[in-house]
Amino acid sequence: MRTKVVIIGGGPSGLLLSRLLSLENIDNVVLEKQSREHVQGRIRAGVLENGTIEMLRLAGVSKRLDNEGFKHNGIELSFKNHGFRIDLKKLTDKHVTVYGQTEVTKDLYEIIEKENGNIINCAEDVLPQNVGEINSFVTFKKNGIENKIMCDFVAGCDGYHGISRKVIPENLINVFERIYPFGWLGILSETPPVKEELIYANHGNGFALASMRNNNLSRYYIQTSLDDRVEAWDDKRFWEELKRRLPIEASESIITGRSIEKSIAPLRSFVCEPMNWNNLFLVGDAAHIVPPTGAKGLNLAVSDVYYLFNGLKKYYLFNDDKDLKNYSTKALSRVWKAIRFSWWMTTTFHKFPEQTSFDQRIQDSELEYLENSIASQTVLAENYVGLPYEEF
Ligand code: FAD
Ligand code: DHB
């Protein structure tokens, strides 16, 4: 079997890249370790930047997004149980869209299958080989049978735990990492959202976030310690703690109910440089991780796809490899700004175990400054709605 681009990982970045390449008649195959149901069931991102929406539009999957996504013109921030609003629209003339990652992957799977794209689910032992040589290939097992696909390029879209980054010799990459001493416990509940916009709360007990998927589906998160277990948090305990941390008005009006999903995610910042090794290109979480506080992970995965897709397109359509060669530099410039923003949101809103009274005062004054300074709000707003992509 031979193709032009083998895409390892059929999460949002791999699916989007596949669809865009197919629209330009650039042959590709997606190798995904899990079943389609598993990928579509993973409840993760919820906030999409305009750049992400435009890329999904380019891929031809904006119909349901336009009908069912919710435009948000602002967010609420709170500290000491008191909330204030950041008017994203007024400050940046942009908004964000609330539309779940589950729906993005469903839409992409559907269109790729309808247009006879090539996704191989439940592919085991996927391994890129001879990367950087003329005869690059990827091997994998399906139903116990060994397969080999020859290719020009490999796109490693296989997330933080994937194989692609691991095949790069350690001496050829630099890794930058910060592990935060806490996690997020998230629940999904079939209840109306507490407010029409998201609330990010800094509280003495730790961070809390009120988000949503639609008018009757809410997503809430609270900061927990690293050794906390989901089993220790029955719904009653979760709601009590969430109410304690939200602004008073929200905690008084929140409608609680049974949770239909509950999970804990650790928080880390991570960057691998460069984002390619010869003709193996890392995309999205395979190359970098942000703590979820700034809602940047999926959006960054999409901006990587933008840079790689444009590089591959120029290579195949115009025989020009300049942008492909610059992929890592271009992508990393945007990645680091999102790493900085997510780190800032995380340090400003969470309680650190070693936090001193000095650190506490700094957080309080940072938030007071934000509440009262348009300049400070603008910095937050332009990062939150998403920094621009570099044009081609
Ligand atoms: P992934 O989604 O991890 O996809 C990688 C795929 O590769 C998976 O399907 C996996 O099964 C497959 N794979 C792995 N190993 C192999 C292998 N060896 N062979 C073949 N396939 C393999 N981001 C935002 O932008 N906004 C948000 O609001 C937001 N909220 C979040 C909330 C939480 C709680 C979490 C945990 C994350 C959140 N994120 C958010 C981050 C976002 O979900 C990720 O950044 C995004 O999923 C990255 O997409 P990806 O395609 O790069 O990787
Ligand atoms: C959601 C997740 C985030 O990390 C965030 O910053 C905002 C919203 C969500 O899952 O809805």
Side-chain angles (χ1 to χ4, degrees), residues 6-18 30-36 38-49 51-52 70 72 75 96-102 104-105 108-109 119-128 138-142 154-167 183-188 193 197-200 207 209-214 217-221 261 263-268 270 282-305 338 341-342 345-346 349 384 386:
V6 171
I7 298 170
I8 304 182
S13 62
L15 295 172
L16 179 62
L17 180 64
S18 166
V30 179
L31 298 176
E32 166 59 49
K33 183 172 161 180
Q34 307 288 352
S35 68
R36 174 176 173 167
H38 181 100
V39 175
Q40 288 178 182
R42 275 194 304 239
I43 295 156
R44 294 169 97 188
V47 176
L48 308 183
E49 299 170 355
T52 300
F70 289 82
H72 283 211
I75 52 173
V96 291
T97 302
V98 168
Y99 189 71
Q101 180 167 331
T102 46
V104 172
T105 46
L108 285 165
Y109 257 105
I119 307 175
I120 301 177
N121 283 100
C122 306
E124 293 164 54
D125 302 337
V126 176
L127 189 63
V138 180
T139 53
F140 65 100
K141 265 197 217 146
K142 171 88 185 179
V154 178
C157 302
D158 48 353
Y160 180 70
H161 298 286
I163 185 68
S164 302
R165 191 181 65 252
K166 293 180 189 136
V167 302
W184 276 20
L185 169 63
I187 70 157
L188 200 61
E197 292 179 343
L198 273 66
I199 308 172
Y200 290 83
F207 171 76
L209 167 60
S211 181
M212 66 206 68
R213 290 296 177 271
N214 61 44
L217 197 55
S218 298
R219 182 80 169 144
Y220 295 106
Y221 298 96
E261 196 265 356
S263 52
I264 293 187
L267 268 68
R268 77 169 74 223
F270 172 89
L282 301 179
V283 178
D285 279 15
H288 42 73
I289 294 286
V290 285
T293 327
K296 288 287 157 246
L298 173 60
N299 292 301
L300 267 191
V302 171
S303 63
D304 289 353
V305 169
F341 176 65
S342 307
M345 282 284 282
T346 304
F349 281 89
Y384 192 83

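Atoms within a ligand are numbered from 1 in the order they appear, just like the ligands themselves.
The protein atom (non-hydrogen) at minimum distance from atom 11 (O) of ligand 1 is E32 OE2, 2.6 Å. Residue, atom and distance of the protein heavy atom nearest to atom 30 (N) of ligand 1 are A45 CA, 3.3 Å. In terms of protein heavy atoms, atom 47 (O) of ligand 1 is closest to Q101 NE2, 2.8 Å. Summary of contacts: the protein heavy atom closest to atom 49 (O) of ligand 1 is P12 CG, 3.6 Å. Ranking protein heavy atoms by distance to atom 17 (C) of ligand 1, first place goes to K33 CD, 3.9 Å. Distance from atom 18 (N) of ligand 1 to its nearest protein heavy atom, with residue and atom name: I163 CG2, 3.7 Å. Of the protein's non-hydrogen atoms, the one nearest atom 4 (O) of ligand 1 is G11 CA, 3.6 Å.
The backbone N or O of H161 lies less than 3.5 Å from no partner atom in the side chain of D285, so there is not a single donor-acceptor pair. Between the side chain of T52 and the main chain of L48, no donor-acceptor pair closer than 3.5 Å is present. In this structure, K296 contributes its side chain and Y384 its backbone to a donor-acceptor pair below 3.5 Å. Judged by distance alone, the side chain of K33 and the main-chain N or O of D125 form no donor-acceptor pair under 3.5 Å. Between the side chain of S18 and the backbone N or O of G14 there is no donor-acceptor pair closer than 3.5 Å.
Heavy atoms of L298 found under 4.0 angstrom from ligand 1 belong to the backbone as well as the side chain. At a heavy-atom distance under 4.0 Å, only side-chain atoms of S211, from C-beta outward, approach ligand 2. With a heavy-atom cut-off of 4.0 Å, L31 touches ligand 1 through its backbone alone. Counting heavy atoms under 4.0 Å from ligand 2, residue T293 touches it through the backbone alone. Only the side chain of L198 comes within 4.0 Å of ligand 2, judged by heavy-atom distances. When non-hydrogen atoms are compared, ligand 2 lies under 4.0 Å from the side chain of W184 (C-beta onward) but not from its backbone. At a 4.0 Å heavy-atom cut-off, ligand 1 does not touch Y160 at all. Neither the backbone nor the side chain of H161 comes within 4.0 Å of ligand 1, counting heavy atoms alone.
Between R44 and ligand 2 there is a heavy-atom distance shorter than 4.0 Å. In this structure, G46 is part of the shell of residues with a heavy atom less than 4.0 angstrom from ligand 1. Residue contact annotation: A123 has no non-hydrogen atom under 4.0 Å from ligand 1. Residue contacts with ligand 2 include R213, since one of its heavy atoms falls under 4.0 Å from the ligand. Distances shorter than 4.0 angstrom do not occur between any heavy atom of E49 and any atom of ligand 1. The closest approach between a heavy atom of F140 and any atom of ligand 1 is not below 4.0 Å. Using 4.0 Å as the threshold, K296 has a heavy atom nearer than that to some atom of ligand 1.
A cation-pi geometry, defined here as NZ or CZ lying under 6.0 Å from the six-membered ring centre and within 45° of its normal, holds between R165 and Y160.
The shortest side-chain heavy-atom distance between R219 and R213 falls under the 4.5 Å cut-off. Under the 4.5 Å side-chain criterion, counting only non-hydrogen atoms from C-beta, V138 is in contact with L31. Looking at H38 and S35, their side chains come closer than 4.5 Å, going by heavy atoms from C-beta outward. Looking only at side-chain heavy atoms (C-beta outward), W184 and I264 stay at 4.5 Å or farther from each other. Side-chain contact between S164 and D158: present, with at least one pair of heavy atoms (C-beta onward) separated by less than 4.5 Å. Residues L127 and I163 have side chains in contact (heavy-atom distance under 4.5 Å, counting atoms from C-beta outward). Residues Y221 and I187 have side chains not in contact (no heavy-atom distance under 4.5 Å, counting atoms from C-beta outward). A 4.5 Å side-chain heavy-atom check between S13 and V302 finds every atom pair outside the cut-off.
The Y221 neighbourhood of ligand 1 comprises atoms 32 (C), 34 (C), with distances under 4.0 Å to a heavy atom of that residue. Counting the atoms of ligand 1 from 1 in the order shown, those under 4.0 Å from a heavy atom of G162 are 15 (N). Atom numbering of ligand 1 starts at 1 in the shown order; those under 4.0 Å from a heavy atom of G297 are 23 (N), 24 (C), 25 (O), 41 (C), 45 (O). Close contacts of ligand 1 with G159, meaning ligand atoms under 4.0 Å from a residue heavy atom, involve 3 (O), 5 (C), 53 (O). Residue contact check: S13 has heavy atoms under 4.0 Å from atoms 50 (P), 51 (O), 52 (O) of ligand 1. Annotation for ligand 1: atoms under 4.0 Å from non-hydrogen atoms of G284 are 52 (O). Applying the 4.0 Å criterion to heavy atoms of N299 picks out, from ligand 1, the atoms 25 (O).
Considering CG of L209 and OH of Y220, their distance stands at 10.0 Å, rounded to 0.5 Å. In this structure, CG on L300 lies 10.0 Å from CD1 on I289, to the nearest 0.5 angstrom. The SG atom of C157 lies 10.5 Å from the CD atom of E32; values are rounded to the nearest 0.5 Å. Between atom CD of residue Q101 and atom CD of residue Q40 there is a gap of 11.5 Å, rounded to the nearest 0.5 Å.
Across the listed options V98, V305, D158, L48, D158 owns the non-hydrogen atom lying nearest to atom 13 (N) of ligand 1. When the heavy atoms of S218, P292, A45 are ranked by distance to atom 4 (O) of ligand 2, first place goes to P292. Within the set Y220, Y200, Y384, the minimum heavy-atom distance to atom 5 (C) of ligand 2 is found for Y200. Of the candidates R44, Q34, R42, H288, it is R42 that places a heavy atom closest to atom 9 (O) of ligand 1. Of the options G100, S342, C157, the smallest heavy-atom separation from atom 5 (C) of ligand 1 is shown by C157.
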>> As a quick check of understanding, evaluate side-chain hydrogen bond (donor to acceptor under 3.5 Å, both in side chains) for N121 and Y109, giving each step before the final call.
In response: CA-CA 11 Å; N121 283 100; Y109 257 105; 2.9 Å; yes
>> Quick one, H288 with D304, criterion side-chain hydrogen bond (donor to acceptor under 3.5 Å, both in side chains). Give me CA distance, side-chain angles, the key distance, then yes/no.
In response: CA-CA 10 Å; H288 42 73; D304 289 353; 2.6 Å; yes
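For ligand 1, one of its N or O atoms has an N or O atom of D285 under 3.5 Å away. Among the atoms of A295, some N or O lies under 3.5 angstrom from an N or O of ligand 1.
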